[in-house]
Peer 1: 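Below is the structure I would like to discuss, written out as structure tokens.
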Amino acid sequence: MAAVDTTQKDSATVALPGLARALISVAKLTQKSAEELVRKSQTSRTSFIAELTGSGAISSADLAHTVSSVFGAPLLDLDAIDPVRLPHDLLDSKICLAYRVVVLSKRNSRLTVATADPTDHEAAEKIKFTTQMGVDWVIAEYDKLTKLVEASSKTVGESLDTFTSSGDFEFDDVPVEDAADTADTGASEVEDAPIVKFLHKMLLDAFNMRASDLHFEPYEHHYRVRFRIDGELREIASPPVAIKDKLASRIKVISRLDISEKRVPQDGRMKLKVGPNRVIDFRVSTLPTLFGEKIVIRILDPSSAKMGIDALGYEPEEKERLLKAIARPYGMILVTGPTGSGKTVSLYTCLNLLNKPGVNIATAEDPSEINLPGVNQVNVNEKAGLTFAAALKSFLRQDPDIIMVGEIRDLETADISIKAAQTGHLVLSTLHTNDAPTTLTRMRNMGIAPFNIASSVILITAQRLARRLCPQCKAPADIPHQALLDAGYADDEIDGSWVPYKPVGCSACNNGYKGRLGIYQVMPITEELQRIILRDGSALEIAEQAKREGVRSLRAAGLHKAKLGLTSLEEVLAVTNE
């Protein structure tokens, strides 16, 4: 008799929650199993409903239908809910996480809240006390509800914690001459640990994935982060849209930009120290858009200038022409191509070859992307009056041997550069043109006299970057004979002695490609080309003469890379024009 009393006493000590009693009443759960689940939940410090669904005693879907029927509450399929459209400011996210509830809408003084357990009176009272509004329950499946809570009901910090991991990071102070003073209040607003950790993780991930740029893009209902890897943009993360202002402010603070100015574009720079001997440089650009500031961060890898000319992908004859040109004591060398085609790396590779103790090198850039010890680098500052032209004038008073101009944008800069090249200086610069022959006509259109072009320019390199085929998974491509002819191959080149390759994709690459290689058109200015320039010949005449002299067009150079199996024909067609 004593034993029976003890059992009853033990049983009485287990207080069953309302949900358990409701399930027992409809024979979905036995008294004994309910008590056992309660004990387990108490031991593991989890909720009864989490233990119930986790044990497999009842499925989330079955539980939701049963609860909806027993309590007469509407049942909602959360798969039909867009998390970004849910109200995020009506209820503290900590409450949502603690009680596994999601606010669906507000009407007058009442909230419609999704829950899997409408008997949780503590949750109801907490919501009422916090919001001073009544609660109307809507039943949802517990597993779907948990996912939705984690996806949409967290604070910015809690959401970001899923993207971050702890690490030893710090940002270096970057000396910026015209850096805006950041107010103490502005700095304190963005000292949000999860924001800091998220930004650190994105920057490190981008560096480790060999990305060239990070794009932080705000839209009306979502926010995305994309990396440019091997020239192709890939979406990496989609944090809550509420992150946009704090993240933009954080980036501006460490880039020494004005966090109060959101109406005009800004440019800055920052460094990330990730160890005693490892520092990563980044260039930052902000742009006001309809729904916030888009921020693009370019990774500047100082080691890229020291890879050596062989690593850039020049063919032997192209390399010989370039080395011969930079060995000249004076003249102008121009590198052309679109943004992101590797012009800066090419120029700095040349500067690194020329950088010797007995040589005075000065550069003017907007901004200086790669730090090279031994080279006097100047950042152009238009607002302060330090233009390319002003920097060049100052250089010429400082006894330079070699001058590098980031970009020739106007007639004044071009005129000073040409005079420097004519008076015993080697000048390296860039222009935005499609290929080498059109560079000469572009200079003519800028207002430079044909005589000055012919007497100063000694070599022009046009370049593009194409994705390199992954050597581990590339496969022979079956391309029709006519398609190869249409691409630009001569009939005698398609002789079966080589096979074109196509991308496949494996765990070691990005959709069949891994890294990039340069496609170059290297055109020395010969006496015959000088004659065409002096008589104001067209770009077509220049191109025809260059071809006769053995200079490949960009398309021909790309087709040669495809013939060597380094890239695919489709990639060559995408980055070159014929």
Side-chain angles (χ1 to χ4, degrees), residues 230-231 304-328 333-338 340-354 428 430 433-439 457-471 474 484 487-490 492-495 497-501 513-526 528-529 542-578:
D230 294 338
S304 61
K306 300 177 182 179
M307 293 188 302
I309 196 166
D310 293 321
L312 298 183
Y314 284 94
E315 293 300 315
E317 64 272 19
E318 296 167 348
K319 173 185 170 183
E320 186 182 350
R321 290 172 191 157
L322 181 60
L323 291 177
K324 187 177 179 181
I326 65 173
R328 297 269 292 271
I333 297 170
L334 294 171
V335 180
T336 74
S341 60
K343 299 188 298 295
T344 301
V345 172
S346 293
L347 284 175
Y348 268 95
T349 300
C350 293
L351 287 180
N352 197 46
L353 293 172
L354 297 168
L428 290 80
T430 70
T433 57
N434 289 327
D435 58 14
T438 56
T439 303
V457 180
I458 57 176
L459 180 132
I460 301 173
T461 296
Q463 66 183 65
R464 298 290 187 276
L465 287 179
R467 290 180 293 172
R468 186 189 295 268
L469 282 170
C470 174
K474 66 179 181 180
L484 293 172
Y489 286 107
D492 59 347
E493 287 184 284
I494 314 170
D495 55 5
S497 61
W498 60 276
V499 178
Y501 285 87
Y513 295 98
K514 187 175 182 179
R516 290 193 285 179
L517 76 160
I519 296 175
Y520 302 95
Q521 179 185 30
V522 182
M523 186 178 80
I525 305 303
T526 61
E528 188 55 42
L529 285 174
I542 295 168
E544 288 174 350
Q545 178 58 32
K547 187 176 181 180
R548 285 193 289 269
E549 294 175 0
V551 176
R552 288 193 184 102
S553 66
L554 280 170
R555 169 61 62 83
L559 292 175
H560 182 68
K561 301 287 188 187
K563 190 174 178 181
L564 296 174
L566 299 174
T567 188
S568 65
L569 182 60
E570 60 184 356
E571 183 70 6
V572 171
L573 298 180
V575 301
T576 63
N577 187 33
E578 187 79 337

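Positions are given from 1 along the sequence. Quick caveat, the model's predicted, so the values are computed rather than measured. Computed from heavy atoms alone, side chains included, the values below leave out hydrogens, waters and symmetry copies.
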Peer 1: Are there more than 12 heavy atoms of other residues, nucleotides or ligands under 6.0 Å from atom CD of Glu317?
Peer 2: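 Counting neighbours around CD of Glu317, more than 12 heavy atoms of other residues, nucleotides or ligands fall under 6.0 Å, so yes.
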Peer 1: If we ignore hydrogens and angles and just use 3.5 Å, is the side chain of Lys563 paired with the main-chain N or O of Glu493 as donor and acceptor?
Peer 2: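 Here the side-chain-to-backbone pair does not exist.
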Peer 1: Taking the side chain as C-beta and beyond, is there a heavy-atom pair between Pro524 and Leu529 under 4.5 Å?
Peer 2: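 Result no, sub-4.5 Å side-chain heavy-atom pair not found.
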Peer 1: For the atom pair CG (Leu566) and CD (Glu571), what is the distance rounded to the nearest 0.5 Å?
Peer 2: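 Those atoms lie 12.5 Å apart.
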Peer 1: Any side-chain to backbone donor/acceptor pair from Lys343 onto Pro338? Under 3.5 Å, distance only.
Peer 2: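 The answer is yes, because a donor-acceptor pair under 3.5 Å joins these two groups.
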Peer 1: Is there a side-chain contact between Cys350 and Leu428, using heavy atoms and a 4.5 Å cut-off?
Peer 2: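 Counting from C-beta outward, Cys350 and Leu428 do come under 4.5 Å.
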Peer 1: Would you indicate whether the side-chain heavy atoms of Arg321 and Val551 approach each other to under 4.5 Å?
Peer 2: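 Val551 vs Arg321: side chains touch.
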Peer 1: May I ask you to decide if Ile309's main-chain N or O and Lys319's side chain share a donor-acceptor pair within less than 3.5 Å?
Peer 2: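 A pair under 3.5 Å: no.
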Peer 1: Go through Ile542 and Met523 one step at a time and tell me if the side-chain contact (heavy atoms from CB on, under 4.5 Å) criterion holds.
Peer 2: CA-CA 10 Å; Ile542 295 168; Met523 186 178 80; 4.1 Å; yes
Peer 1: Does the pair Leu554 and Asn434 meet the rule for a side-chain contact (heavy atoms from CB on, under 4.5 Å), with working shown?
Peer 2: CA-CA 9 Å; Leu554 280 170; Asn434 289 327; over 6 Å; no
Peer 1: More than 12 heavy atoms of other residues, nucleotides or ligands under 6.0 Å from NZ of Lys514: yes or no?
Peer 2: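 It does not: Lys514 NZ has 12 such atoms or fewer within range.
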Peer 1: How far apart are the closest heavy atoms of Ala466 and Thr567, and which atoms are they?
Peer 2: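 That closest heavy-atom pairing would be CB-OG1, 4.3 Å.
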Peer 1: Main chain of Gly342, side chain of Gln463: is a donor-acceptor contact present, judged purely on distance under 3.5 Å?
Peer 2: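 At least one qualifying donor-acceptor pair exists.
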Peer 1: Quick check: do Arg555 and Ile519 have side-chain heavy atoms less than 4.5 Å from each other?
Peer 2: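 Sidechains of Ile519 and Arg555: no contact.
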Peer 1: Are Thr576 and Leu573 close enough that some pair of their side-chain heavy atoms sits under 4.5 Å apart?
Peer 2: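 No. Closest side-chain heavy atoms not under 4.5 Å.
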Peer 1: Looking at every heavy atom in both Ala487 and Leu569, which two are closest together, and how far apart are they?
Peer 2: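 That closest heavy-atom pairing would be CB-CD1, 3.8 Å.
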Peer 1: Got a second to check how far Ile326's CD1 is from Leu354's CG, nearest 0.5 Å?
Peer 2: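 CG of Leu354 is found 4.5 Å from CD1 of Ile326.
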Peer 1: Any donor and acceptor pair, going by atom type alone, linking the side chain of Arg464 with main-chain N or O of Val572 inside 3.5 Å?
Peer 2: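 Not at all, since once roles are kept as given, no pair shorter than 3.5 Å links the two residues.
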Peer 1: Search all heavy atoms of Leu459 against all heavy atoms of Val522 and return the closest pair with its distance.
Peer 2: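 Nearest heavy atoms, Leu459 then Val522: CD1-CG1, 3.7 Å.
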Peer 1: Can you tell me if Arg516 uses its side chain to pair, donor with acceptor, with the backbone of Leu465 under 3.5 Å?
Peer 2: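 No.
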Peer 1: Using modelled atom types only, decide if a donor and an acceptor are shared between the side chain of Tyr520 and the backbone of Leu312 within a distance under 3.5 Å.
Peer 2: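 It does hold such a pair.
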Peer 1: How many angstroms lie between atom OG1 of Thr526 and atom CD of Glu549, to the nearest 0.5 angstrom?
Peer 2: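 Between atom OG1 of Thr526 and atom CD of Glu549 there are 3.5 Å.
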Peer 1: Got a second to check how far Leu517's CG is from Asp230's CG, nearest 0.5 Å?
Peer 2: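 Going from CG on Leu517 over to CG on Asp230, the span is 10.5 Å.
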Peer 1: Side-chain contact test, heavy atoms from C-beta onward, threshold under 4.5 Å: evaluate it for Tyr314 versus Thr461 and give yes or no.
Peer 2: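 Yes, their side chains come closer than 4.5 Å.
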Peer 1: Just verifying a value: how many Å separate Asp495 CG and Tyr489 OH, rounded to the nearest 0.5 Å?
Peer 2: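 Here the interatomic distance stands at 11.5 Å.
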Peer 1: How long is the straight-line distance from CD of Gln521 back to CG of Asp435, given to the nearest 0.5 Å?
Peer 2: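 Reported to 0.5 Å precision, the distance equals 5.0 Å.
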